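For reference, the structure is listed below as structure tokens.
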Amino acid sequence: MLPEVEKIADDIRTMRIRGAARIARTAAEALRIVAEKSEAKTLDGFMKEINQAAHLLLSTRPTAVSLPNAVNYVLSRVRKAAESGSLKETRWETIRAANDFIESSLRALDIIGELGARRIKHGDVVMTHCNSSAAISVILKAAEQGKVEEVYATETRPRFQGRLTARQLAEKGVKVNLIVDSAARYFMNEVDRVVVGADAVAVNGAVVNKVGTSMIALAAHEARVRFYVAAETYKLSPSTILGELIEIEERPATEVVDEEFLRKYPNIRVRNPAFDITPPEYIDLIITNKGVYPPQAIAMLMREEFEWILEELYPEYRVRLVEEE
Ligand code: RUB
């Protein structure tokens, strides 16, 4: 395995590279690096390298579906190119596919910013959680249009990604209040809209995002504050159409307490789920690069976007399609 690819996998696992969109783009980049640096003399040899790299990348973090969606997008084009039997063409197609994914991911962020900003009104106070490039794109676009009064950003225990959000917004001149996660309800009465990102969106419109999101959604619901999710279409989880559940990553206890605490109190079990699930009833809109959807309608978009992946990767789904014809 190339050391560059191992390093990327390690950076994703240890969260030096984090956030669903960035993880996806970096995974595509890793596959491009394999194609650029491969010394394989045969197509079979190259395919083996690509598949090994894909396998390693997929094993890094289980929840953000953007990662398998990015890897599968590239792999699907690689497999098609490999049918030509040409090693050179297959390598080039790997590079092109990775570049296309990265470019369209960045374009998607801009579109989400534009569409999402239309849902923010002049004078709005916005709350956000964790550090989502899609949510930030919406807030910054709305701020650029002079609509955002101020932002409440939760610090996001235990890794404090909210500090990154506060910094990124403040650097662009947005007025930011950094608050502890548990103060979300206390400040909710001052908030007009909540905007968060997503690691995965299930077929029923439920959204998986940084742990704490569902509590904020609950508080927003109770206070009748609109709750928006900003998510590129590659955050949609096609396997949930087939009834698969999204795995919630549980991270090390040492992110919450130190080693000494663990040694001193061996009978205390520290739980540290990285994500939680917000049910569709608490979500007003999912803002995607293909338009703005109520969570109840997301299944439609998911089928349109991922028919190919379902047919290619899930043979049992293909059987069903054939039966339906
Ligand atoms: C990050 C997180 C973000 C989503 C969306 O979790 O939950 O809200 O990934 O981010 P972690 P983006 O820090 O554990 O990766 O909109 O940038 O894809």
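Read the numbers this way: they start at 1 and go in the same order the structure lists the ligands and their atoms. Fair warning: this is a prediction, and the values are worked out from it, not measured in the lab. Sequential numbering from 1 along the given sequence is applied to the chain's residues.
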Show me a pair-per-line table, with atom names and distances to 0.1 Å, of protein N or O atoms that are under 3.5 Å from an N or O of ligand 1.
residue	atom	partner	partner atom	Å
ligand 1	7 (O)	Asp199	OD1	2.9
ligand 1	7 (O)	Asn209	OD1	3.2
ligand 1	7 (O)	Lys210	N	3.2
ligand 1	8 (O)	Asn209	OD1	2.6
ligand 1	9 (O)	Ala20	N	2.9
ligand 1	9 (O)	Asp199	OD1	3.2
ligand 1	9 (O)	Asp199	OD2	3.0
ligand 1	13 (O)	Arg18	NE	2.5
ligand 1	13 (O)	Arg18	NH2	3.2
ligand 1	13 (O)	Gln161	NE2	2.8
ligand 1	14 (O)	Arg61	NH1	3.4
ligand 1	14 (O)	Arg61	NH2	2.8
ligand 1	14 (O)	Lys210	NZ	2.7
ligand 1	15 (O)	Gly19	N	3.0
ligand 1	15 (O)	Arg61	NH1	2.9
ligand 1	16 (O)	Ser132	OG	2.8
ligand 1	16 (O)	Ser133	N	3.2
ligand 1	16 (O)	Ala134	N	3.1
ligand 1	17 (O)	Ser133	N	2.7
ligand 1	17 (O)	Ser133	OG	2.6
ligand 1	18 (O)	Ala20	N	3.4
ligand 1	18 (O)	Ala21	N	2.8
ligand 1	18 (O)	Lys235	NZ	2.9

When you check the side-chain N and O atoms of Asn272 and Glu255, is any donor under 3.5 Å from an acceptor?
yes
Could you check whether Asp276 and Ser214, counting side-chain N and O atoms only, form a donor-acceptor pair closer than 3.5 Å?
yes
_Salt bridge or not between Arg79 and Glu83? Use side-chain N to carboxylate O under 4.0 Å._
no
Charged N to carboxylate O below 4.0 Å: is that the case for Asp100 and Arg77?
-> yes
For residues 167-177, which side-chain N or O atoms pair as donor and acceptor with protein atoms under 3.5 Å away, sequence neighbours left out?
residue	atom	partner	partner atom	Å
Gln168	OE1	Asn131	ND2	3.3
Asn177	ND2	Glu150	OE1	2.8
Asn177	ND2	Val151	O	3.2

Taking only Lys NZ, Arg NE, NH1 and NH2, and the carboxylate oxygens of Asp or Glu, determine whether Glu4 and Lys7 approach each other closer than 4.0 Å.
no
